[in-house]
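Working notes, beginning with the structure itself.
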Amino acid sequence: MKSKIKIASPAGSATLSPEQVIEIHNLKIGFGDVPVLRDLSVQLFEKENLVILGKSGSGKSVLIKCIVRLLNPDSGTINVLGENVNKLNDRDLAKLRMKIGFLFQSGALYDSMTIKENLEFPLKRIKKNLSQKEMDEKIAETLENVGLSDTLNKMPSELSGGMRKRASLARTIVVDPMIMLYDEPTTGLDPVTSDEISSLINDVQKKYDTSSIIITHDIECARATADRMIMLKDGEVYLEGSLDEFEKSPDELIQSFFKPKKK
Amino acid sequence: MKSIGPVRKKIPKLPDVKKRAIKLSENVIKKTQKANRFFLAVGEINLFFWYTVKASFSRDFEFKEFLRQCYLVGNKTLPLITITGVVIGLVLTIQARPVLAEFGAVSLLPGMVALSIIREMGPVVTALICAGKIGSGMGAELGSMKVTEQIDAMEVSSTNPIRFLVVPRVMAATLMIPILVLYADALGILGSWAGANIKGEVNFVLFISQAFSAVGFMDLFPAVIKTFFFGAAIGFIGCYKGFTAGRGTESVGKAANESVVVASLLVILIDLVAVQITDMLL
Ligand SMILES: Nc1ncnc2c1ncn2[C@@H]1O[C@H](COP(=O)(O)OP(=O)(O)OP(=O)(O)O)[C@@H](O)[C@H]1O
Ligand SMILES: [Mg+2]
């Protein structure tokens, strides 16, 4: 089963290889007898925002977990910054992961630590040469960017769902990663905050030249951030193209994603 | 299992022997799968153990986290161990007294109670309480961290979760449980003195000196050594069960529950082995 429609074909991908930060070829993974991704090939280019759409359970989260090797694929190769993720030893993998920011769908804030300690945790380990004062400044600045300045010493359990989401976004971007993987950054947020997060994603991208994969169901967020979009279905790329091409697509599945919000 | 299904359907009328043969092979497959799962679990626990050992010797030890865990282990169990320690001493004394009185050997009471507390009751009862309190706590805490992806989050921020979470916990349990056992022993002897006091006044100094004259180095030493193993086992099992919790919140409860069961069992088994070894050495 090949994807039905393919607008921007990745045919020339081989010649573009220096610009590819993530290269996934024929990725296959399943749990038990159930295949989740089959024969998936995706590239992420330098300094681009790639939005991934797909129904719930289509394997979007599984895909980005494979990129950081939280899950091991059954077959296929994943190259990140020119390194084969599944062939790396522990130390090199840790080094590579330092360059990748990962926003968990569930937030995954450490609930035995305050928000400040939550942000300090990766900062201390990844940016080892920062002084305490520089760290505090960085944390304060990042929290302000997500609109959470006054929660510095609160525990995650004292925050609302949306605030937790933003706090965990702050924890992801505080270390200035080269590659960002956002798993539904705006889900559960009000439209105003969603817009702010979308523009924050763009700001981060511009400021640090990051390349990002953004998983979202929020079409407004996709509109604001996407350079390129991919729709997953049945474990394969169903459609790939620009925002424009998606919006004009006659395909029913695609339209069902775009229509409701338009009206 | 699934692959056997269609074979059966293809040949509808089978002679009895063949049916039995199929049944047998089905059973064999079932048993093998069970055995495989068992060996897989054994392999997994072995791997986890070596990862923990390896991480224990890593350069950057999480000292702050270790201290926090020590504090938690002590803080969580202290009231329970205080009460239990005193009561054990009290009860042992009250129950042993009439028996000893029958033989006119009441003067042996302090020594006998002290011996049984130091060699057996103190270590095992304290360890079982800790298995319940600390083992389940660690299982539940790490289990919920696993379920809410906090352990994954640690991993992607280039922190070895075994080094950060497991090593300090196992070490804290290994260090704190012997201390708690000594504390329980002391309270047990104190309780015993209180018990002896119920029937007529007993001089405290005399009681203590009588108690300790019966206890030799070779009573105390193996008893203390085994408590380190109790502690390590409780910490390790709690962490292992939490770490390998499945997905979904119900697996948190399962992890906590299994930690208690396995840790308690291990405590008893280690005690059995320790007694055998001490017996051989003496
Ligand atoms: N660790 C795992 N073990 C077993 N099955 C899993 C695991 N992780 C994911 N799955 C299964 O893989 C499928 C895809 O899950 P995934 O989380 O990637 O979906 P998703 O596209 O992110 O959906 P959503 O939009 O709801 O987040 C689901 O059917 C899920 O049950
Ligand atoms: Mg998901």
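We name chains A, B, ... by the order of the sequence lines, and we start the count at 1 in each one.
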Residue, of [options], that accumulates the most heavy atom pairs under 4.5 Å with chain B:
| options | value |
| --- | --- |
| A/P177, A/S112, A/P122, A/S106 | A/S106 |
| A/T172, A/I126, A/D111 | A/D111 |
| A/M98, A/Q105, A/K95, A/R69 | A/M98 |

| query | Quick one: CD on B/Q150 to OG on A/S168, what's the gap to the nearest 0.5 Å? | reply |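 Answer for the CD-OG pair, B/Q150 versus A/S168, is 11.0 Å.
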| message | So, taking the atom named CZ in A/R125 and the one named OG in B/S158, what distance separates them when rounded to the nearest 0.5 Å? | response |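 Answer rounded to 0.5 Å: 10.0 Å.
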| field | Proximal component of A/L109, with respect to chain B [non-hydrogen, under 4.5 Å] | value |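 Backbone only.
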| request: Over all heavy atoms of both residues, which pair between A/Y110 and B/S157 is shortest? Give the atoms and the distance, please. | output: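 Distance-wise, the nearest heavy atoms are OH-OG, 3.7 Å.
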| field | Residue pair A/F102 / B/E149, side-chain heavy-atom distance below 4.5 Å | value |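 No, too far: nothing below the 4.5 Å cut-off.
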[X] atom [atom1], over 12 foreign heavy atoms within 6.0 Å:
| X | atom1 | result |
| --- | --- | --- |
| A/M178 | CE | no |
| B/K254 | NZ | no |
| B/Y51 | OH | no |
| A/K138 | NZ | yes |
| A/D209 | CG | yes |
| A/E141 | CD | yes |
| A/F31 | CZ | yes |

| said: Given 3.5 Å as the limit, does a donor-acceptor pair link the side chain of B/E155 with the main chain of A/L70, or not? | reply: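 Looks like no, no N/O pair under 3.5 Å.
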| salt_bridge(B/E62, A/K124) N-O dist < 4.0 Å |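 Not counted as a salt bridge, because no side-chain N and carboxylate O are separated by less than 4.0 Å.
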